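By convention in this document, chain letters (A, B, ...) are assigned in the order of the sequence lines, proteins followed by strands, and residues within each chain are numbered from 1. A quick note: this is a predicted structure, and the numbers were derived from the prediction, not measured.
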Number of protein chains: 2
Amino acid sequence: MAQTDTRTRILDAAERLFAERGFSGTSVRAVTEAAGANLAAVGYHFGSKADLMAAVGRRVIEPITAAQGAALDRLLDGVPEPSVAELVEAFARPLFDDESESGGESGSESGSGGEAGSARRSRLIVAILVDPAEEMHGWMGAAEEAVQDRYLAAFTRALPGITPEELVFRTRGILAVMAVDRIGGRTQPPAAGEANRRWALTFLAAAMSAPPTGPAR
Amino acid sequence: MAQTDTRTRILDAAERLFAERGFSGTSVRAVTEAAGANLAAVGYHFGSKADLMAAVGRRVIEPITAAQGAALDRLLDGVPEPSVAELVEAFARPLFDDESESGGESGSESGSGGEAGSARRSRLIVAILVDPAEEMHGWMGAAEEAVQDRYLAAFTRALPGITPEELVFRTRGILAVMAVDRIGGRTQPPAAGEANRRWALTFLAAAMSAPPTGPAR
DNA sequence: GTCTATAGAACGATAGAC
DNA sequence: GTCTATCGTTCTATAGAC
């Protein structure tokens, strides 16, 4: 098995390009050329560009959702009322990590390396979250919402003073902070992934634990 | 002056469409049709699609950068060492507000209203921050960096225990949280702009004030 | 300054040979 | 399953009439 499946090579290339350039900014031709495949292969294997995006998205989101759910199970199994910091870590860590995968599905880098491995998938997650194209996130399913609802309930117990609406805002804030290394000044070092993750957990634990916002003054 | 300038109508339409669909997702045709202008007018008034984006971006960013600088001046003029919450508010409020404009430049909504007025410009800012297309943010200038550096220095004095790198991360976190209402579940109410702003300030003041992240354990 | 018309390239999708 | 070839559309940009 010196060479990967064409279908998998297309998925890998599309994952990288969609993350880097967004959905509208990536052409099917660019994907197939990066994958060393034929233009028509996307139509054959996936049907359309939007269907390719859905396949790419599901491949990266599903194990993360599962890891988030498992982490919450583990947490609630240990203590009935986990701390805010523990909840933040359980929810956010699978969004950053790469190695949480156990199956033999991925593991081949198409080209000569590129990204350090980490921050590759998290970049696609960010792209999915912020891309305005409907095709980029329209395929998301009920499993993701169910896990988010479970975390919302756990955060509600850990932060009883916060209104449900504000808590929804804060939970979205966790996802927004994931986008931090995509933002603004080009000044950032390219491979600060590990430090970024630890800084983000500090940042988010404090933010989630903030006292409730008072009523409009 | 019953009718606005063609050039201004194009800027208004482009501002809305770039914010909603991103740079690659917006065609020049869509802009001119929304503006009630001719396709060739973009070439005549701006030169190219990328130049149009730069004009749109500068029009929205410049008054915000000026307001951020003025707010910091006002703050430092009152007290030599402002609090973290004061700095967050001074930096973030111009990013949310619409009414900080004093000139008579804008003020005409092309269609029948649409957005409530607020959150219209902040949506473009978010789009500028997260869009992967180089044309969406490549035009940003030194004025924005200078203001960010001034805030970075002020935050450094207010938070002496944080390393400069972590502080840069947190400052980017402020911008990332701006993107919160673009994220994920469609569940959000459409015009929650005012509540979102207050929740964001609470969230960010707590996040910025977090104790330093320890060295890697 | 505004328009029509079009050049020239890139796009997504697919028919059909192998 | 992989390829070539191409259809029909849409794109940005611009020449040139008014």
Side-chain angles (χ1 to χ4, degrees), chain A residues 1-57 105 108 110 127 131-139, chain B residues 1-57 105 108 110 127 131-139:
Chain A
M1 56 165 179
Q3 178 94 331
T4 350
D5 206 58
T6 293
R7 195 188 133 95
T8 306
R9 284 203 324 275
I10 291 176
L11 281 173
D12 289 339
E15 181 175 311
R16 181 170 62 85
L17 290 175
F18 284 141
E20 282 175 9
R21 314 182 192 171
F23 182 79
S24 301
T26 304
S27 68
V28 176
R29 279 174 172 80
V31 170
T32 52
E33 278 163 26
N38 188 272
L39 171 63
V42 164
Y44 177 78
H45 285 287
F46 301 97
S48 72
K49 181 185 176 183
D51 291 331
L52 168 60
M53 177 60 230
V56 168
E105 185 174 27
S108 74
S110 73
D131 198 297
E134 164 68 18
E135 296 92 335
M136 203 72 168
H137 45 259
W139 44 266
Chain B
M1 55 163 177
Q3 179 95 331
T4 350
D5 206 63
T6 293
R7 195 190 133 95
T8 306
R9 285 205 320 279
I10 290 175
L11 281 173
D12 289 339
E15 181 175 311
R16 182 171 61 85
L17 290 176
F18 283 143
E20 284 175 6
R21 314 179 190 174
F23 182 80
S24 301
T26 305
S27 67
V28 177
R29 276 175 173 81
V31 171
T32 52
E33 279 164 25
N38 188 273
L39 171 64
V42 164
Y44 176 79
H45 286 286
F46 301 97
S48 70
K49 180 185 174 182
D51 291 332
L52 169 60
M53 177 60 230
V56 168
E105 186 175 25
S108 75
S110 72
D131 199 297
E134 165 68 19
E135 296 92 334
M136 202 73 168
H137 45 259
W139 44 265

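Rounded to whole angstrom, the span from the CG atom of A:Leu39 across to the C1' atom of D:dT6 amounts to 11 Å. A straight line from NE2 of A:His45 to P of C:dG12 spans 18 Å, rounded to a whole angstrom. Distance CZ (A:Phe46) to P (D:dT2): 11 Å, rounded to an integer number of Å. If you take CE of B:Met53 and C1' of D:dC11, they are 19 Å apart, rounded to a whole angstrom. Rounded to whole Å, atom P of D:dC11 lies 15 Å from atom CG of B:Leu52. At whole-Å resolution of the value, NZ in B:Lys49 and P in C:dA10 are 15 Å apart. Atom C1' of nucleotide D:dG1 and atom CZ of A:Arg7 are separated by 13 Å, given to the nearest angstrom. A straight line from CG of A:Asp51 to C1' of C:dT14 spans 15 Å, rounded to a whole angstrom.
Note on A:Thr26: only backbone sugar-phosphate atoms sit closer than 4.0 angstrom, heavy atoms only; bases stay farther off. Residue-level contact check: A:Ala40 touches the bases, meaning some heavy atom is under 4.0 Å from a base atom.
Contact check on B:Arg16 versus B:Glu20 returns a salt bridge, with a Lys/Arg side-chain nitrogen under 4.0 Å from an Asp/Glu carboxylate oxygen.
Contact between A:Val42 and A:Ser48 at its shortest, heavy atoms only, is CG1-O, 4.3 Å.
Considering only heavy atoms from C-beta on, B:Asn38 stays 4.5 Å or farther from B:Tyr44 through its side chain.
Between the side chain of B:Arg21 and the backbone N or O of B:Thr26, no donor-acceptor pair lies under 3.5 Å. Listed for the B:Lys49 side chain is a donor-acceptor partner under 3.5 Å among the backbone atoms of B:Phe23.
Within the structure, a side-chain polar atom (N or O) of B:Ser27 is placed less than 4.0 Å from OP1 or OP2 of D:dC11. Phosphate contact (OP1/OP2 of C:dG1, side-chain N/O of B:Asn38, threshold under 4.0 Å): absent. Of the side-chain N and O atoms in A:Thr6, none sit less than 4.0 angstrom from OP1 or OP2 of D:dG1. Contact check, A:Ser48 against C:dG12: no side-chain N or O comes under 4.0 Å of OP1 or OP2.
Each of A:Ala41 and A:Arg29 lies near DNA chain D, and the nucleotide nearest A:Ala41 is the one positioned closer to the 5' end.
Taking every side-chain heavy atom of A:Tyr44 into account, D:dG1 is the closest of C:dC11, C:dT4, D:dG1.
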